[in-house]
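Let me begin by presenting the structure, written as structure tokens, before commenting on it.
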Amino acid sequence: MNEAPRRPYGWGKAIRLRKHAQFSRVQSKGRRLGGKFLLLIFAPKSVPGVRHGLTVSKRVGNAVTRNKVKRRLRNILRTQNVSTLAVDLVWIARPDAANAKYADLHAEVYELLERLKRHLSCPHT
């Protein structure tokens with residue numbers, strides 16, 4: 001059986017947190033970085049590579065709004081270069097994310113990832 005061709009900017013299983021236990025581990029053992037639109041929870045792992053998990057609760061809005069926020073976040077995260085890190089990330093959308101412009105979300109993701117890289121490079125802070 002032939003495999004489907006891999007999409008170059010796909011959101012494949014290898015880069016996603018998929019199980020409740022994975023989300024729970026990150027949220028219970030991880031550290032937090034917050035912004036106006038997003039909360040980033042991260043937990044180091046032993047194998048290289050980054051896995052992302054997205055959480056958008058009903059506090060953000062109805063299903064259409066939540067899906068819009070998730071689509072935007074996935075698209076922004078696809079373009080970020082974090083493949084050198086060995087960490088699991090859970091992105092939690094705050095209610096203000098529903099009304100945020102794409103550029104503002106992009107800027108906050110970039111800023112949170114920069115803070116994460118600084119934090120991982122000097123873990124004593």
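Computed from heavy atoms alone, side chains included, the values below leave out hydrogens, waters and symmetry copies.
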For L39, which fellow cluster members are found when Ile, Leu, Val, Met, Phe, Trp and Tyr are connected by side-chain heavy-atom distances below 4.5 angstrom, either directly or through intermediates?
L17, F23, V26, I41, V90, I92
How does the hydrophobic cluster around Y110 look, that is, which other residues are in it when side-chain heavy atoms under 4.5 Å mark a link?
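So far as hydrophobic clustering goes, Y110 is joined with none.
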Mind checking ring pair (Phe, Tyr, Trp, His ring centres under 6.0 Å) for F37 and listing every partner two or more places apart, or none if nothing turns up?
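Once residues adjacent in sequence are excluded, F37 has no partner under the ring pair (Phe, Tyr, Trp, His ring centres under 6.0 Å) criterion.
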Testing the basics here: between [X] and [Y], what is the closest heavy-atom pair and its distance to 0.1 Å?
{"X": "A86", "Y": "P48", "answer": "CB-CA, 3.8 Å"}
{"X": "G35", "Y": "L112", "answer": "N-CD2, 4.4 Å"}
{"X": "A43", "Y": "G30", "answer": "CB-CA, 4.1 Å"}

How many angstroms lie between [atom1] in [X] and [atom2] in [Y], if you round to the nearest 0.5 Å?
{"X": "L113", "Y": "L33", "atom1": "CG", "atom2": "CG", "result": "9.5 Å"}
{"X": "E111", "Y": "L116", "atom1": "CD", "atom2": "CG", "result": "11.0 Å"}
{"X": "I76", "Y": "E108", "atom1": "CD1", "atom2": "CD", "result": "9.5 Å"}
{"X": "L105", "Y": "N75", "atom1": "CG", "atom2": "CG", "result": "11.0 Å"}

Validation row: L77, R74 side chains within 4.5 angstrom (heavy atoms):
no
Kindly indicate whether the side chain of L85, heavy atoms from C-beta on, has any atom under 4.5 Å from the side chain of F42.
no
Run the side-chain contact (heavy atoms from CB on, under 4.5 Å) check on L38 and V109 step by step: do they pass?
CA-CA 8 Å; L38 300 168; V109 167; 3.5 Å; yes
Keeping the roles fixed (side chain from Q22, backbone from R18), state whether a donor-acceptor pair exists under 3.5 Å.
yes
Taking G34's backbone N and O only, do any of them form a donor-acceptor pair with R115's side chain (distance below 3.5 Å, no angle check)?
yes
Verdict with reasoning, H106 to Q80, per side-chain contact (heavy atoms from CB on, under 4.5 Å):
CA-CA 10 Å; H106 192 279; Q80 300 301 315; 3.6 Å; yes
For K29, does the NZ atom have more than 12 heavy-atom neighbours from other residues, nucleotides or ligands under 6.0 Å away?
no
Does S24 have any side chain to side chain donor-acceptor pair (under 3.5 Å) partners at least two apart in sequence or in another chain, and if so, which?
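Testing S24 for side chain to side chain donor-acceptor pair (under 3.5 Å), a comparison that skips the adjacent residues, returns H20.
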The complete set of side chain to side chain donor-acceptor pair (under 3.5 Å) pairs with one or both residues in residues 85-97, sequence neighbours excluded, reads R25-D88, R51-D88, H52-W91
Side-chain donor-acceptor pairs under 3.5 Å in residues 59-71, sequence neighbours left out?
| residue | atom | partner | partner atom | Å |
| --- | --- | --- | --- | --- |
| N62 | OD1 | V64 | N | 3.3 |
| N62 | OD1 | T65 | N | 3.0 |
| N62 | OD1 | T65 | OG1 | 3.0 |
| R66 | NH1 | G61 | O | 2.8 |
| N67 | OD1 | K70 | NZ | 3.4 |
| N67 | ND2 | A63 | O | 3.2 |

